[in-house]
Amino acid sequence: MTVNNKNTILVTGGTGYIGSHTVVALHERGYRVVIADNLSNSHRFMLDRIAEITGQAHPFYAIDLCDKKALKALFEQEQDIVASIHFAAFKAVGESVEKPLTYYRNNLVSLMNLLEVQQQFGVAKLVFSSSCTVYGEPDTLPVTEDSPIKPASSPYGNTKQMGEEIIADFTNVSGIKAIALRYFNPVGAHHSALIGEYPNSVPNNLVPFITQTAIGKQQELKIFGSDYQTPDGTCIRDYIHVVDVAAAHIAALDRLMNHTDVQAFEVYNIGTGTGYSVLEMVKAFEKVSGKTLPYRLTNRRQGDIEKVYADTSHSNKVLHWKAQKSLEEMMHSAWLWEQKLNSQTHTSK
Ligand code: WQD
């Protein structure tokens with residue numbers, strides 16, 4: 001595939017879960033990709049996996065974006081960068097409650113450094129990894145991009161809200177144009193099962209906990225709360241295949257690169273528009289895996305909201321993007337990834 005070097009995209013956090021899938025999608029779209037990651041919450045072997053999928057290695061800079069000097073050196077080295085996609089951030093909700101300053105410093109200083117260095121080097125396009133957590137517990141469903149932003153329920157969620165505000169204020173005065181993508185619940189893995197969600201410790205998130213339980217790494221799934229005001233009493237979320245999330249970044253980048261009517265700062269919901277309960281997710285997994293999942297109904301988890309799912313009409317219409325993959329494909333790909341992860345020895349960091 002011929003790659004036009006004038007279309008070099010910087011992906012920060014590119015060895016992470018959504019970042020790695022987006023690097024693959026960018027390559028397949030003909031972009032040249034440069035990856036920056038400090039590997040604090042991901043693994044160097046993901047670079048080999050990405051290379052195996054794309055058929056080539058991608059320039060990698062093991063830097064921390066809080067180190068502005070290192071970030072400037074990257075931009076001096078990579079003069080063809082025309083846009084960046086910013087994933088690099090800490091994202092564990094519970095950990096953010098215990099270590100708020102670590103989260104505010106890391107997630108906001110890295111973002112501000114990127115904005116300043118992009119302005120300095122005339123890189124005028126940014127796609128920002130945001131989150132549906134900005135909506136908190138919505139008053140009405142489905143949530144649209146105009147739904148009220150509720151007080152964040154964690155420092156992590158607050159860094160996403162503040163990140164959007166920082167970008168909105170800076171794009172007003174800097175000539176940079178930015179799109180924030182508010183992800184709902186990314187799950188699943190690339191069909192090759194070479195890249196996927198790789199928790200550093202016991203998973204917080206539902207789907208990796210399900211697959212680790214099915215493979216025997218966890219004893220049983222604890223379902224946090226069965227007394228919610230939902231049809232089966234368990235929480236509802238808008239789960240979306242990570243490959244569809246990656247495709248949304250391509251759509252956002254295309255809009256920034258090729259459209260003249262882009263506002264200084266735009267936000268889009270990246271979900272499927274359909275909510276599934278925890279028990280429905282368990283049943284979907286059992287259907288695709290043929291396994292019976294051991295689970296126990298336990299107390300609610302602090303900070304969980306009852307139900308949230310997206311109105312994606314704005315993304316569908318303006319980004320010309322729509323989630324394509326089914327719940328079965330989400331679960332099947334997640335299960336294949338878990339099985340492959342446990343069938344091979346792989347180099348650690
Ligand atoms: C989903 C549902 C749990 C684990 C995540 C990220 C957040 C944001 C949105 C990025 C909830 C239940 C879970 C378990 C369970 N993404 N559950 N047993 O909380 O919606 O938030 O997606 O910004 O950062 O954390 O996702 O997968 O943790 O939980 O019953 O062992 O599954 O109670 O109802 P959540 P989750």
Side-chain angles (χ1 to χ4, degrees), residues 13 16-19 21 41 86-97 103 107 128-138 143 149-150 152-164 180-188 197 199-214 217-242 245 248 267 269-272 275-285 293-310 327 330-331 334:
Y17 176 39
I18 303 170
H21 285 83
N41 194 25
H86 182 46
F87 293 102
F90 294 156
K91 61 159 188 160
V93 172
E95 185 186 51
S96 77
V97 174
Y103 269 67
N107 291 6
F128 177 64
S129 168
S130 190
S131 167
C132 65
T133 47
V134 303
Y135 298 116
E137 182 80 63
V143 286
I149 302 297
K150 294 286 190 69
S153 57
S154 70
Y156 160 76
N158 209 17
T159 66
K160 290 303 180 184
Q161 289 182 6
M162 295 165 78
E164 288 192 9
L181 300 182
R182 293 174 178 165
Y183 314 148
F184 283 70
N185 287 56
V187 297
E197 190 169 6
N200 264 341
S201 57
V202 176
N204 290 307
N205 292 142
L206 177 64
V207 171
F209 205 104
I210 286 176
T211 58
Q212 285 196 12
T213 302
K217 288 176 81 170
Q218 307 297 336
Q219 196 183 356
E220 66 175 4
L221 172 71
K222 294 183 185 63
I223 294 182
F224 299 137
S226 54
D227 59 348
Y228 287 98
Q229 298 301 310
T230 60
D232 65 18
T234 63
C235 289
I236 291 172
R237 295 288 185 276
D238 186 332
Y239 298 94
I240 176 170
H241 199 294
V242 65
V245 176
V267 296
N269 283 342
I270 303 303
T272 66
Y276 289 106
S277 72
V278 177
L279 279 172
E280 286 173 320
M281 295 295 278
V282 170
K283 289 187 181 62
F285 177 78
L293 197 79
Y295 68 82
R296 187 153 50 87
L297 300 175
T298 63
N299 296 331
R300 296 182 174 194
R301 177 172 70 176
Q302 193 188 354
D304 274 340
I305 58 172
E306 184 168 84
K307 49 179 178 268
V308 62
Y309 51 91
L327 179 60
M330 296 179 214
M331 284 309 199

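Counting starts at 1 for both ligands and their atoms, following the listed order.
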*Asks:* Please state which part of N205 comes within less than 4.0 Å of ligand 1, counting heavy atoms only: side chain, backbone, both or neither.
*Replies:*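 Both backbone and side chain.
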
*Asks:* Looking only at heavy atoms, is any part of K222 under 4.0 Å from ligand 1, and if so is it the side chain, the backbone, or both, or is it neither?
*Replies:* backbone

*Asks:* Could you check atom 12 (C) of ligand 1 against the protein and tell me its nearest heavy-atom contact, residue, atom and distance included?
*Replies:* V278 CG2, 3.8 Å

*Asks:* Are any of the N/O atoms in F224 less than 3.5 Å from those in ligand 1?
*Replies:*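 N/O-N/O distance under 3.5 Å: yes.
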
*Asks:* Which atoms of ligand 1 have any heavy atom of D304 under 4.0 Å away?
*Replies:*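 Those of ligand 1 that fall under 4.0 Å from D304 are 3 (C), 19 (O), 33 (O).
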
*Asks:* Sequence neighbours excluded, which residues qualify as salt bridge (charged side-chain N to carboxylate O under 4.0 Å, His left out) partners of E280?
*Replies:*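 For E280 there are no salt bridge (charged side-chain N to carboxylate O under 4.0 Å, His left out) partners, ignoring immediate neighbours.
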
*Asks:* Are any side-chain N or O atoms of N269 and backbone N or O atoms of G271, one a donor and one an acceptor, separated by less than 3.5 Å?
*Replies:*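 Judged by distance alone, no pair lies under 3.5 Å.
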
*Asks:* Can you name the atoms of ligand 1, numbered from 1 with element, that are less than 4.0 Å from a heavy atom of S131?
*Replies:*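 Listed by number with element: 8 (C), 10 (C), 23 (O).
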
*Asks:* Hydrogens and angles aside, do Y156 and E95 bring a side-chain donor and acceptor to less than 3.5 Å of each other?
*Replies:*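 Absent: no donor and acceptor within the cut-off.
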
*Asks:* If you count the atoms of ligand 1 from 1 in the order shown, which ones are under 4.0 Å from a heavy atom of I223?
*Replies:*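 Answer, ordered by atom number: 30 (O).
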
*Asks:* Of all the non-hydrogen atoms in the protein, which one sits nearest to atom 20 (O) of ligand 1, and at what distance?
*Replies:*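 The closest heavy atom on the protein side is R237 NE, 2.7 Å.
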
*Asks:* Find out whether K222 and F209 are in side-chain contact, i.e. whether some heavy atom of one side chain is under 4.5 Å from a heavy atom of the other.
*Replies:* no

*Asks:* Looking only at protein heavy atoms, which one is nearest to atom 29 (O) of ligand 1, and what is the separation?
*Replies:*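 Answer for atom 29 (O) of ligand 1: R301 NH2, 3.3 Å.
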
*Asks:* Would you mind checking which non-hydrogen protein atom is closest to atom 34 (O) of ligand 1, with the distance to 0.1 Å?
*Replies:*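 Among all protein heavy atoms, the one nearest atom 34 (O) of ligand 1 is C235 CB, 3.0 Å.
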
*Asks:* Have a look at ligand 1 and work out which part of Y183, if any, has a heavy atom under 4.0 Å from it: side chain, backbone, both or neither.
*Replies:* neither

*Asks:* Just checking, any donor-acceptor pair under 3.5 angstrom between side chains of N205 and Y17?
*Replies:* no

*Asks:* Could you identify the single nearest non-hydrogen protein atom to atom 23 (O) of ligand 1 and state the distance to 0.1 Å?
*Replies:* Y156 OH, 2.3 Å

*Asks:* Considering distance alone, does some N or O of L206 sit under 3.5 Å from an N or O of ligand 1?
*Replies:* yes

*Asks:* Should the proximity of N204 to ligand 1, defined as any heavy atom under 4.0 Å, be assigned to the side chain, the backbone, both, or neither?
*Replies:*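 The answer is the backbone.
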
*Asks:* Is the backbone of K150 close enough, under 3.5 Å, to the side chain of Q161 for a donor and an acceptor to pair up by distance?
*Replies:*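 Yes, the answer is positive, given that a donor and an acceptor are paired below the 3.5 Å cut-off.
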
*Asks:* Any nitrogen or oxygen of T133 lying under 3.5 Å from a nitrogen or oxygen in ligand 1? Just yes or no.
*Replies:*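 Looking only at distances, the answer is no, because the N/O contact criterion of under 3.5 Å is not met.
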
*Asks:* Among all protein heavy atoms in this structure, tell me which lies nearest to atom 21 (O) of ligand 1, with the distance rounded to 0.1 Å.
*Replies:*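 Looking only at protein heavy atoms, the one closest to atom 21 (O) of ligand 1 is N185 ND2, 4.1 Å.
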
*Asks:* If only atom types and distance count, is the side chain of N107 paired as donor or acceptor with the main-chain N or O of K160 below 3.5 Å?
*Replies:*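 Side chain of N107 to backbone of K160, a donor-acceptor pair under 3.5 Å: no, none is there.
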
*Asks:* After noting the C-alpha distance and the side-chain angles of Y295 and L279, does the key distance pass the side chain to side chain contact (heavy atoms under 4.5 Å, CB included) rule?
*Replies:* CA-CA 10 Å; Y295 68 82; L279 279 172; 3.7 Å; yes

*Asks:* Answer with side chain, backbone, both or neither: which part of Y239 has a heavy atom less than 4.0 angstrom from an atom of ligand 1?
*Replies:* side chain

*Asks:* Looking only at distances, please establish whether an N/O atom of ligand 1 is found under 3.5 Å from an N/O atom of S130.
*Replies:* no

*Asks:* Quick one: salt bridge (charged side-chain N to carboxylate O under 4.0 Å, His left out) partners of D304, sequence neighbours excluded?
*Replies:* R237, R301

*Asks:* Knowing that exactly one of I223, I236, I210 qualifies, which makes a side-chain contact (heavy atoms from CB on, under 4.5 Å) with V278?
*Replies:* I223

*Asks:* Return yes when atom CD of E220 has more than 12 non-hydrogen atoms of other residues, nucleotides or ligands closer than 6.0 Å, and no otherwise.
*Replies:*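 Buried by this count: over 12 neighbours within 6.0 Å.
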
